[in-house]
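Here's the structure we're looking at; comments come further down.
Note that the coordinates shown come from a computational prediction; the quantities given were computed from them, not determined experimentally. Chain naming here is simple, since letters A, B, ... match the order of the sequence lines and numbering starts at 1 in each.
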Amino acid sequence: MSRLDHTFAQLKTSGRKALIPFITAGDPEPGFTVPMLHDMVKAGADIIELGVPFSDPMADGPVIQRASERALAHRVGLRKTLAMATEFRKTNQTTPLVLMGYLNPIEIMGYEDFANAAQRADIDGVLTVDLPPEESAECVALLRARGIDQIFLLAPNTSAERVRKMDEVGSGYLYYVSLKGVTGAGHLDTRDVAEKLALIRQNTALPVGVGFGVKDAETAETLAGFADGVVIGSALISKIEAHLDDPGRARSEIITLLASIRHAIDR
Amino acid sequence: MTDHYDMPDARGHFGPYGGIFVAETLMPAITELNQAYQRYLQDPEFIAELDADLRDYVGRPSPLYHAQRWSQALGGAQIYLKREDLNHTGAHKVNNTVGQALLAKRMGKTRIIAETGAGQHGVATATVAARLGLECVVYMGAVDVARQALNVYRMKLLGATVVAVESGSKTLKDALNEALRDWVTHIDDTFYIIGTVAGPHPYPAMVRDFQAVIGREAKQQCLAQTGRLPDALVACVGGGSNAIGLFYPFIDDESVKFYGVEAAGDGIATGRHSAPLSAGRPGVLHGNRTYLMADDDGEIIETHSISAGLDYPGVGPEHAWLKDIGRADYVSITDDEALQGFHALTRMEGIIPALESSHALAYAAKLAPTLGKDRIIVVNLSGRGDKDMHTIMQREGIRL
Ligand SMILES: Cc1ncc(COP(=O)(O)O)c(C=O)c1O
């Protein structure tokens with residue numbers, strides 16, 4: 001059983017939902033990331049999505065784009081992100097870590113080399129925004145052989161047939177993108193999400209996390225009513241951006257926000 | 001059209017290149033577009049409307065002109081220019097925007113978006129949007145907005161909203177990113193007119209098919225004027241649409257050599273260039289697998305070229321395939337060489353070419369003297385140089 005399967009099984013037993021924070025590796029500077037990952041676990045994170053900085057983040061809104069730019073200014077890319085994951089694992093062997101990013105860094109490293117490196121770093125899942133199931137066979141097979149889950153995105157306009165396809169090739173969980181737009185957009189409609197999730201569940205037994213545009217504890221609480229996990233990214237990164245001159249303050253505000261969301265989704 | 005070359009496959013693959021690599025939200029829109037493209041490009045009514053627009057609105061066929069004085073001065077092969085600069089709006093870009101806009105209309109889309117580098121594709125898109133009464137938003141890197149001010153003004157006159165993109169390197173690739181972000185956000189009513197043979201399938205094949213009118217005409221015209229096929233075709237390669245448009249109808253004519261000319265900028269060795277086929281490696285960007293300029297971490301490297309329209313770190317996937325199978329040769333021309341080509345044509349033939357096209361001209365000027373006087377080279381004169389006056393004046397320290 002993968003660490004992700006185990007985590008979702010345990011949450012289910014205890015009747016809780018997964019809190020899944022996202023930050024970009026190396027933002028605002030490389031030294032910030034690993035301690036922040038540990039702090040997020042303490043604040044109640046069940047799974048962490050760690051963003052791999054990319055020069056052309058086509059599916060991201062301005063907040064995560066700028067996070068990538070700050071990280072790239074410190075030359076943090078895929079290899080340094082993997083090193084951070086390794087560092088994190090030295091003192092945490094339980095929290096699943098999912099790399100989220102774009103395909104090109106993996107292509108340039110080579111699928112097999114990447115799969116080996118991800119295994120060495122003890123990564124649990126890989127979510128590649130621009131790798132749809134049709135093109136994913138080779139990558140998925142290499143990862144699966146090493147016990148790593150490939151996580152796919154579902155969108156509001158994804159057909160039932162495609163949900164079944166993701167169910168077939170994906171594992172760990174599916175990530176439902178709650179709106180038609182980029183990360184951090186402001187028009188999430190929780191009622192829409194509830195309806196759509198009911199349809200998705202008819203076509204998959206995998207856990208479903210919901211993200212894109214979750215900004216506050218209230219929205220998270222509502223989503224936790226029908227999703228298996230809530231992903232929160234831009235709202236956390238906004239804290240980093242608001243306190244670029246004081247990363248310590250960004251850290252404490254992220255912890256406070258996550259703790260309040262933890263509290264809300266456990267209600 | 002061709003007997004044995006039948007790329008791409010049903011999922012848009014040219015060998016290992018091409019494909020569909022996009023975020024999930026775009027998948028339904030791409031499927032819808034692909035269905036429309038498959039259907040209407042077989043539909044006689046659609047084709048008739050497209051042909052009429054190309055004739056009466058764009059001004060096709062564009063002439064094939066024998067540049068006799070220049071050929072003589074070069075002392076080798078005869079150079080013929082395919083005059084895409086004479087099209088309405090001044091470049092080949094309009095062949096594609098007319099086609100995609102007709103598709104958008106058939107599909108009931110009310111809003112058009114586009115990315116642009118030099119501004120030629122933006123102008124060509126704003127033009128067709130104005131004609132059809134569609135809302136139009138054009139994304140353009142902030143650097144390009146500054147160096148192509150005249151085209152920005154043209155787009156605004158035509159009623160388009162021009163958004164200066166401030167992210168990343170603020171050039172064409174970033175404009176493409178921003179257009180993709182707009183598309184996922186307005187997926188239901190918006191048609192994205194990509195300006196070159198890049199992007200996810202079906203764009204590389206569809207844009208090629210719309211641009212192939214260049215090669216079909218050139219073939220007929222060359223046969224009519226000289227009684228035979230050309231020996232070589234030369235075209236500049238940014239994303240590669242004017243090049244593939246010229247090459248494609250000749251693809252099974254093995255005696256015809258293809259030369260795609262990339263921008264070497266300050267020189268390939270300096271790293272400051274836009275030549276992924278000459279000096280890049282395969283990767284995935286903007287929805288397809290192709291040659292890219294990327295570093296060891298897979299981050300896209302900033303490009304450089306004097307010509308905004310060639311300043312792109314990727315290239316259409318079909319060119320990647322034609323390179324690998326050896327059907328086309330990809331060469332490069334520096335900024336300085338392109339300027340020499342620009343001046344040569346202007347002074348020898350009284351034609352002021354676009355800086356993009358000047359790369360093709362500069363290569364033709366190298367190639368011609370190596371071939372006999374009875375040989376024929378067709379160069380795609382993809383656009384006119386009016387838009388580049390400012391860049392050239394600055395570069396050469398000229399003030400009016
Ligand atoms: C006149 C002209 N030629 C060539 C290009 C390059 O594009 P492509 O390689 O798609 O033909 C451009 C792009 O803006 C252009 O304006």
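- Chosen from Leu154(A), Leu131(A), Asp60(A), the residue pairing most often with chain B at heavy-atom distances under 4.5 Å is Asp60(A).
- Proximity to chain A among residues 293-305 of chain B is limited to Ala294(B), Asp295(B), Asp296(B), Asp297(B), Gly298(B), Glu299(B), Ile300(B), judged by heavy-atom separations below 4.5 angstrom.
- Closest non-hydrogen pair, Ser241(B) versus Val197(B), comes out as N-CG2, 3.7 Å.
- At a 4.5 Å heavy-atom cutoff, Ile106(A) makes no contact with chain B through either its backbone or its side chain.
- For residues 9-21 of chain B, a heavy-atom distance under 4.5 Å to chain A picks out Arg11(B), His13(B), Gly19(B), Ile20(B), Phe21(B), given by residue number.
- Arg66(A) does not touch chain B: none of its heavy atoms, backbone or side chain, sits under 4.5 Å away.
- Between Asp189(B) and Arg111(B) there is no salt bridge, since no side-chain N of the basic residue sits under 4.0 Å from a carboxylate O of the acidic one.
- Here Asn157(A) is the residue among Leu153(A), Leu179(A), Val177(A), Asn157(A) with the most heavy-atom pairs under 4.5 Å with chain B.
- To the nearest 0.5 Å, the span separating NE2 on His74(A) from OG1 on Thr33(A) amounts to 9.5 Å.
- Checked for salt-bridge contact, Glu168(A) and Arg164(A) miss the test: no charged N lies under 4.0 Å from a carboxylate O.
- Of the residues considered (Ser136(A), Pro156(A), Ala185(A), Pro132(A)), Pro132(A) shows the highest number of contacts with chain B, using heavy-atom pairs under 4.5 Å.
- Ring-centre distance between Phe8(A) and Tyr173(A): below the 6.0 Å cut-off.
- Only the side chain of Leu292(B) comes within contact range of chain A, with at least one heavy atom under 4.5 Å from a heavy atom of that chain.
- Within the structure, salt bridge (Lys or Arg N to Asp or Glu O under 4.0 Å) pairs that include any residue of residues 190-206 of chain B do not occur (at least two apart or interchain).
- Checking Glu112(A) against Asn116(A) by side-chain atom types alone, no donor-acceptor pair falls below 3.5 Å.
- Arg144(A) has no carboxylate O lying under 4.0 Å from a charged side-chain N of Asp149(A), or vice versa, which leaves the two without a salt bridge.
- Comparing Pro53(A), Pro133(A), Ser68(A) by heavy-atom pairs within less than 4.5 Å of chain B, the highest count is held by Pro53(A).
- Salt bridge absent: Glu115(B) and Lys173(B) never bring a charged side-chain N and a carboxylate O closer than 4.0 Å.
- Heavy atoms closer than 4.5 Å to chain B are found in both the backbone and the side chain of Pro57(A).
- Each of Glu135(A), Glu69(A), Met166(A), Arg162(A) has some count of heavy-atom pairs under 4.5 Å with chain B, and the biggest count is that of Glu135(A).
- In terms of heavy-atom pairs under 4.5 angstrom with chain A, the leader among Glu24(B), Met27(B), His286(B) is Glu24(B).
- If you tally non-hydrogen atom pairs under 4.5 Å between each of Ala155(A), Ser159(A), Gly61(A), Pro62(A) and chain B, the highest count goes to Ala155(A).
- The pair Glu178(B)-Arg181(B) meets the salt-bridge criterion, with a side-chain N (NZ, NE, NH1 or NH2) lying under 4.0 Å from an Asp/Glu carboxylate O.
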Using residues 134-145 of chain B as the side-chain source, report each donor-acceptor pair under 3.5 Å to any protein atom, sequence neighbours left out, with the distance given to one decimal.
from: Tyr139(B); atom 1: OH; to: Asp182(B); atom 2: OD2; distance (Å): 2.5
from: Asp144(B); atom 1: OD1; to: Arg147(B); atom 2: NE; distance (Å): 2.9
from: Asp144(B); atom 1: OD1; to: Arg147(B); atom 2: NH2; distance (Å): 2.9

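- Proximity of a side-chain donor or acceptor of Thr219(A) to a complementary backbone N or O of Lys215(A) within less than 3.5 Å is not detected.
- The contact between Gln65(A) and chain B is made entirely by side chain atoms (from C-beta outward), counting heavy-atom distances below 4.5 Å.
- Heavy-atom minimum distance, Pro200(B) versus Ile30(B): CG-CD1, 3.5 Å.
- A salt bridge between Arg201(A) and Asp228(A) is present, with a side-chain N of the basic residue lying under 4.0 Å from a carboxylate O of the acidic one.
- Between Lys80(A) and Glu87(A) no salt bridge is recorded (no basic side-chain N to carboxylate O distance below 4.0 Å).
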